[in-house]
J.: 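This is the structure I want to talk about, given as structure tokens.
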Amino acid sequence: MRLEQEEKDMLEGKYGKAAQKSMEILTALGEIFDAENMIDVYGVQIAGVSYANLGEAGLEFLTEMAEDGKVRVLTTLNPAGMDRENWQALGIDKEFAKNQNRAIDAFARMGIITTCSCTPYLIGNAPHYGQHIAWAESSAVCYSNSVIGARTNREGGPSALAAALTGKTPNYGYHLEKNRHGQVLVNINAPVKGTDEFGVLGKIIGDKLVELGKKIPYITGILLATVEELKSFCASVATYGGTALFHMENVTPEYNKYPKPTKIVFEINQNELDIARGELIDEDLEIDFVSIGCPHASIHEIANIAKLLDGKKVKKEFWITTARPTKRIADEVGYSKIIEDAGAKFAADTCCVVAPIKGRFKGIMVDSAKACYYGRAKNKFKVKIGSIEECVEEAIK
Amino acid sequence: MKLMGRKIYKGIVEAEAIVTHDGISFYGGVDPDTGKVVEVGHELEGHSITGKVLVFPTGKGSTVGSYTMYRMKKNNTAPVAIVNKEIDTIIAVGCIISEIPCVDKIDINNIKTGQKIIVNGSEGSVEVK
């Protein structure tokens, strides 16, 4: 691998210990994946923030890196295991809160913006088409590559941190145009609408890609999609298929840049959508928890929830998970008051996937196919998917 | 017998090999306090990997596994070196942050549990004595 002088100096320790360790990680990955050189990144999104995932091990590593490490590019954080302000009301224990704050403080010492959100692109970490970035968080990776047309590999916690502390990433994988071609043509022959339905679609495509051993779908038949629908789709197709990039005809910016795949084609009709939706609704279900905001709710979604909850009272635990900056807008506009007066709770900085809530509830209703996956696998809940309207309906029933 | 592979992380170590043909997930699959493999049904379930050269095809599971390896190194429960058939990002990053010598692109069928082997992470070789 060819290194520039500055990169060599980092590797030799001239920029300090944390930069040296970071460059060791990046050059090793570069060698493994046959990168020819390093490239500059515009920004970084770091995962591995929840103390439940990090443990003491991860925390020790972060503390060591924070001794002399400083980020060189715009860097934001993934959700933490709790709402940093409202953790007690959400049932998080004191010991966990203490450790979670130690982790976030270590990130802050390195100059990372501690936004704690899986939707950095909604709150200021917003790369433009063609820019190279180093993002972790599978849903955000998929969104930035596909919807924005920025370029990133699927980074893990340590490799994303290394990119932040050096401003570099090895040039391989999705950074190269030759690896961004669609591999499988997916024709959709049914109307798809709403965050829940786009999540169902993501599951179908993700499952199929795993079966085929392929990664990049080229999707036709979607006439129009909102940011919210696309973020739900990204989260789902990344969860079920490990997908980091898709092209969607007339919707995503690179769809006509590469040829349409012709060798492997599959069709999705209304029947497939109905079956997949059924797979995201468990039997013998008793719902005692409703959660919206996987990925984190946008201000548009919060406005919608406020409208639906206005003057109502929820009868079940109801969380709206979002980024703190989005919550602040909701506070100022008055949406938060309407929502909280109805008895629903904001859980900013965190979400129903990373918060330590295993076993606390019997059944969860969500509008997200990703939340269904983790609700079952990680938290041992029974699950039901539905539209935002149906989720609110369930909560006030 | 000297096997040539690819260097992943530097350092030269001589120790006993423990070999499996299953993938390893350090996050959830290995107990960082005891150094034992705890994944149910794993070929090495119940066996300690502490102080050994751990030989396996490739890593699997969550990227948090890199942090688990780091914790094991701090706890003195880590393997002293790692040999893979084909390295993945989690194990590579784990070895680098934990400073565990590591070599990959080795035909691991040539190594048996209990053999003394020398891992040379600086030149990318494994010698079976």
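Sequence lines set the chain letters: A, B, ... in the order given, protein chains first and strands last, and positions in each chain run from 1.
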J.: Which answer fits A/E31, side chain, backbone, both or neither, if we ask what part of it has an atom under 4.5 Å from a heavy atom of chain B?
T.: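 Only the backbone of A/E31 comes within 4.5 Å of chain B.
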J.: For A/Y15, run the side-chain contact (heavy atoms from CB on, under 4.5 Å) check against A/Q20, A/E7, A/E6, A/M23 and tell me which one passes.
T.: A/E6
J.: Let me know if A/L59 has heavy atoms under 4.5 Å from chain B in its side chain, its backbone, both or neither.
T.: neither
J.: Do A/N53 and B/Y67 pair up side chain to side chain, a donor and an acceptor below 3.5 Å, judged on atom types alone?
T.: no
J.: Can you list the steps and then say if B/Y70 with B/E99 is a side-chain hydrogen bond (donor to acceptor under 3.5 Å, both in side chains)?
T.: CA-CA 8 Å; B/Y70 181 82; B/E99 303 185 343; over 6 Å; no
J.: Let's test your reading of the structure: which of A/A162, A/A28, A/P158 forms the most heavy-atom pairs below 4.5 Å with chain B?
T.: A/P158
J.: Select one option (side chain, backbone, both, neither) describing which atoms of A/I32 are under 4.5 Å from chain B's heavy atoms.
T.: both
J.: How about NZ on B/K52, more than 12 heavy atoms from neighbouring residues, nucleotides or ligands closer than 6.0 Å, or not?
T.: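 Correct, the count exceeds 12.
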J.: Out of curiosity, B/C95 SG to A/I25 CD1, how far, rounded to the nearest 0.5 Å?
T.: 11.5 Å
J.: Need one label for A/E64: side chain, backbone, both or neither, based on atoms under 4.5 Å from any heavy atom in chain B.
T.: side chain
